[in-house]
K.L.:
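Quick one: structure below, then a few questions.
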Amino acid sequence: MRWQGQQLGVDDAAALPGLERMDGLVRSVTTPEFADMTFHEVLCKSALNRVPGASAMPFDWTVNPYRGCGHQCVYCLSPDTLIMRADGRQVPLSAIRIGDVILGTEKGSTYRRYVPTTVQAKWTTRKRAYRVTLGDGTEIVASGDHRFLSDRGWKHVIGAMNGRDRRPFLTPANRLMGFGVGPPREFPKEDAEWKRGYLTGMIRGDGMIFRREYDDGRRVRAIHRFRLALADVEALDLSRALLSELGVETQTRPFAVGMGRRPMTALHTAKARNVDLIEAHTEIPSPRSSSWMAGFLAGIFDAEGSCSRGIVRISNANPQILDLIEEAARALDFDVVREPARENGVRSIRLRGGLSARQRFFQLTRPAITRKLELAGASVKTSSDLRVLSVDDLGYDIDMVDITTGTGDFVANGVVSHNCFARKTHEYLDLDYGADFDSQIVVKINVADVLRTELRRGSWAREPVMLGTNTDPYQRAEGRYRLMPDLIGALTENATPFSILTKGTLLRRDLPLLTEAAQRVRVSLAMSIAVFDDALQNAIEPGTPSAEARLETVRAATAAGFRVTVFLMPILPHLTDSIPALDDALARIRAAGAARVVYGALHLRPGAKQWFLQWLEREHPHLVSSYRGLYPGVASQAPKAYRTWLGRRMQPLLRMHRLDGWDEDDHPRGRPQPGLAARSAGQVVAPRGLGPVRGTGGTASTRPRVAPASEPTLF
């Protein structure tokens with residue numbers, strides 16, 4: 001495997017998209033074998049991490065050679081995809097920067113609503129390109145892994161009904177949520193014609209030109225005045241700049257307004273030449289180009305337009321101006337209607353077509369006043385024809401961009417688009433679906449040397465050390481970096497017992513070394529296998545080895561002389577907690593030669609919880625209410641009633657399969673605790689929020705079964 005690296009500086013933010021500043025960065029490496037990943041090689045300052053005594057983690061010391069894990073899919077879009085900013089303007093994805101405030105969505109009591117959200121990360125990858133075409137002509141180029149919000153939940157661009165690629169995917173029966181951007185089109189440019197149209201709309205809508213002659217007794221004097229007064233500085237600044245391009249220099253002064261009105265500022269000039277230029281420049285041309293009409297609509301909207309409750313209106317009392325607004329709107333393919341006159345004679349031209357028409361109006365005309373464009377707070381409703389017409393494989397790879405936002409989504413080409421969740425650190429997830437940035441892996445290339453130095457300190461008491469907490473030490477990158485052999489050697493040389501928890505089959509490579517180390521120190525091995533159903537495993541842990549592949553690794557470790565523990569966790573309510581599912585899992589674990597099982601119910605820590613509930617809503621929407629009952633508010637742990645119920649279900653099965661096993665609750669620090677109070681036998685009762693439970697009652701073990709004291713334990 002050929003690795004191609006590039007030298008990057010620590011302060012090069014563009015080279016480290018989405019990651020916090022990393023001291024000790026040596027280089028960032030990409031390779032064709034890991035086309036969607038970048039490996040950031042760093043020199044770490046410490047290797048041993050102390051777990052606070054109050055922590056619920058079942059270990060005191062950890063070593064993590066990696067931060068990040070390559071298990072999760074990358075959700076990415078073409079760089080020219082239009083992203084909706086919080087100010088209502090759309091910009092290409094390539095122009096988005098970390099820290100920008102864009103538009104995401106948030107589920108409310110009745111509707112999902114658009115809300116501002118911050119871009120927390122941005123990175124690039126190279127992926128196969130697929131074009132999604134919608135009924136209104138909207139086109140989006142994305143990777144097959146990307147997800148969009150449809151009327152039937154989140155769906156990937158491509159997938160399958162069964163097999164390894166089974167996952168929800170877009171079909172012609174789906175309709176995406178949002179407003180779309182319509183078919184690709186050539187939008188009028190902000191050229192000289194647009195600028196002339198803007199000034200015409202602005203000045204004829206809200207400006208004043210005054211000419212008068214009077215005799216002062218000595219001679220006839222001519223007065224020439226131009227004034228444009230606005231409360232919104234954006235439109236005023238644009239008008240000043242466009243007038244300056246004409247050679248018209250203006251002065252600025254406060255403009256007196258009545259009580260209760262916003263302060264206004266006025267541009268003015270009293271030079272005859274300037275007023276002549278302004279009058280000539282704002283004459284209605286014939287014929288009128290599309291650029292002029294787009295500029296005119298932008299100017300007249302900034303001057304006298306409104307967008308209240310999502311409805312675009314432009315008001316005026318001059319019939320000629322009203323006719324011109326209608327003409328320009330219809331020439332640009334907008335559906336407008338003239339509303340009845342008010343008592344003061346003012347009439348409004350109203351834009352029809354809902355949110356999609358509104359956004360196309362703003363995108364095409366480009367008015368200057370931001371406050372009139374804001375979309376935050378509006379409901380996510382689909383009035384456009386956003387039916388999926390086709391998903392076409394373009395047959396080639398392109399460079400794509402992905403961003404992470406605070407809401408977990410954003411608006412791309414007018415439809416709600418999923419993104420990768422950013423967690424500020426690469427924290428271990430109970431589902432171990434992957435780390436924060438699955439395409440950005442931090443590799444501590446000197447971790448073994450630093451560990452040796454720390455273990456040689458006189459203060460080191462040779463306490464047990466755990467490997468495999470935040471991220472898997474035997475993820476695919478370990479095949480290249482080979483950090484684990486040196487870490488095993490450092491721990492063995494310094495007589496430090498250690499345990500390894502992994503779901504990676506690469507553990508088999510180091511079994512000879514681990515066997516040798518076990519002659520000198522206590523070595524414990526554990527394999528994490530949460531899901532034994534291939535389809536469910538592929539959906540929830542798509543980048544991990546299959547359960548059978550991990551069981552083969554358990555067999556190999558057992559044959560090498562280790563009493564292997566299998567972590568059957570997390571157990572997922574309603575998904576993997578049935579008696580047939582648990583019985584099948586334990587039978588296969590026992591057949592592989594494992595000696596012990598540690599089991600536990602699903603935890604949903606912050607970050608993981610939001611992701612999991614959205615996954616559940618997409619994959620198993622009928623279970624969402626039950627899960628919200630089990631994990632209300634900020635609760636991360638399943639309620640005690642469910643855990644007790646699960647223990648009563650598990651214990652008879654463990655005895656039947658002759659497996660030592662314990663619930664994680666029974667051993668909060670991961671160590672056997674004699675003298676635990678006996679659980680009373682009783683009928684299995686479904687805890688509140690779980691719903692009906694199928695199964696039979698049973699008795700609980702009087703206490704967890706543990707390995708003999710002479711044998712090594714996991715921790």
Side-chain angles (χ1 to χ4, degrees), residues 18 75-122 132 134 136 138-142 146-151 153-154 175-182 187 234 307-312 351 353-384 386 401-422 610-611 614:
Y75 310 113
C76 39
L77 292 169
S78 171
D80 58 1
T81 304
L82 293 176
I83 305 302
M84 179 66 71
R85 296 193 322 201
D87 63 8
R89 304 184 192 278
Q90 298 187 89
V91 298
L93 178 54
S94 57
I96 294 294
R97 298 290 180 264
I98 296 172
D100 286 354
V101 181
I102 64 174
L103 213 60
T105 72
E106 189 176 78
K107 196 168 184 180
S109 57
T110 305
Y111 295 105
R112 185 180 291 269
R113 295 188 178 276
Y114 296 104
V115 296
T117 185
T118 302
V119 177
Q120 299 176 342
K122 178 183 178 181
V132 179
L134 306 180
D136 73 334
T138 296
E139 293 183 357
I140 312 167
V141 176
H146 198 79
R147 284 185 286 168
F148 295 100
L149 183 61
S150 76
D151 54 350
W154 291 103
R175 185 176 66 161
L176 299 191
M177 302 303 293
F179 44 83
V181 293
F187 287 101
E234 295 158 305
C307 187
S308 176
R309 298 184 178 180
I311 300 174
V312 172
L351 180 68
L355 189 55
S356 59
R358 160 187 151 159
Q359 293 308 124
R360 190 169 69 85
F361 178 85
F362 291 153
Q363 184 182 5
L364 190 149
T365 61
R366 296 181 292 279
I369 300 175
T370 297
R371 69 174 177 83
K372 296 183 180 182
L373 313 183
E374 292 179 355
L375 191 58
S379 300
V380 180
K381 297 180 179 179
T382 301
S383 57
S384 304
L386 299 186
V401 179
D402 191 23
I403 58 176
T404 291
T405 69
T407 57
D409 62 4
F410 53 97
V411 180
N413 275 11
V415 296
V416 181
S417 170
H418 200 281
N419 72 172
C420 177
F421 282 99
Q610 184 184 17
W611 169 83
Q614 287 194 346

K.L.:
Could you check whether any side-chain N or O of T138 sits under 3.5 Å from a backbone N or O of V181, counting only pairs where one atom can act as donor and the other as acceptor?
P.N.:
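At least one qualifying donor-acceptor pair exists.
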
K.L.:
As an exercise, state the distance from CD1 of I96 to CD1 of I83, rounded to the nearest 0.5 Å.
P.N.:
6.0 Å

K.L.:
Can you see which heavy atom on P367 is nearest to which on F362, and at what distance?
P.N.:
CD-O, 3.7 Å

K.L.:
Which heavy atom in F179 sits nearest to a heavy atom in S384, and how many Å separate them?
P.N.:
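Heavy-atom minimum between the residues: O-OG, 3.0 Å.
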
K.L.:
Can a donor-acceptor pair be found, under 3.5 Å and without considering hydrogens, that links the side chain of S78 to the backbone of T81?
P.N.:
no

K.L.:
Return yes if some donor-acceptor pair links the side-chain N/O of R113 with the main-chain N/O of T110 below 3.5 Å, else return no.
P.N.:
no

K.L.:
Which heavy-atom pair separates R112 from T105 by the least distance, and what is that distance?
P.N.:
NH1-OG1, 3.0 Å

K.L.:
Show the nearest heavy-atom pair for residues L103 and T117, with the distance to one decimal.
P.N.:
C-CG2, 4.0 Å

K.L.:
To the nearest 0.5 Å, what is the distance between OG1 on T407 and CD1 on I102?
P.N.:
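One finds 7.0 Å between OG1 of T407 and CD1 of I102.
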
K.L.:
Name the residue from R371, E374, R358 that meets the side-chain contact (heavy atoms from CB on, under 4.5 Å) definition with C307.
P.N.:
R358

K.L.:
Among L134, N413, V415, L386, find the one that has a side-chain contact (heavy atoms from CB on, under 4.5 Å) with F148.
P.N.:
V415

K.L.:
Does any N or O in the side chain of E234 come within less than 3.5 Å of the main-chain N or O of T370, such that one atom is a donor and the other an acceptor?
P.N.:
yes

K.L.:
So, D409 side chain and S417 main chain: donor-acceptor pair closer than 3.5 Å or not?
P.N.:
no

K.L.:
Go through M84 and R89 one step at a time and tell me if the side chain to side chain contact (heavy atoms under 4.5 Å, CB included) criterion holds.
P.N.:
CA-CA 6 Å; M84 179 66 71; R89 304 184 192 278; over 6 Å; no

K.L.:
Looking only at heavy atoms, what is the nearest atom pair of G353 and S356, with distance?
P.N.:
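So the minimum-distance heavy-atom pair works out to O-OG, 3.3 Å.
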
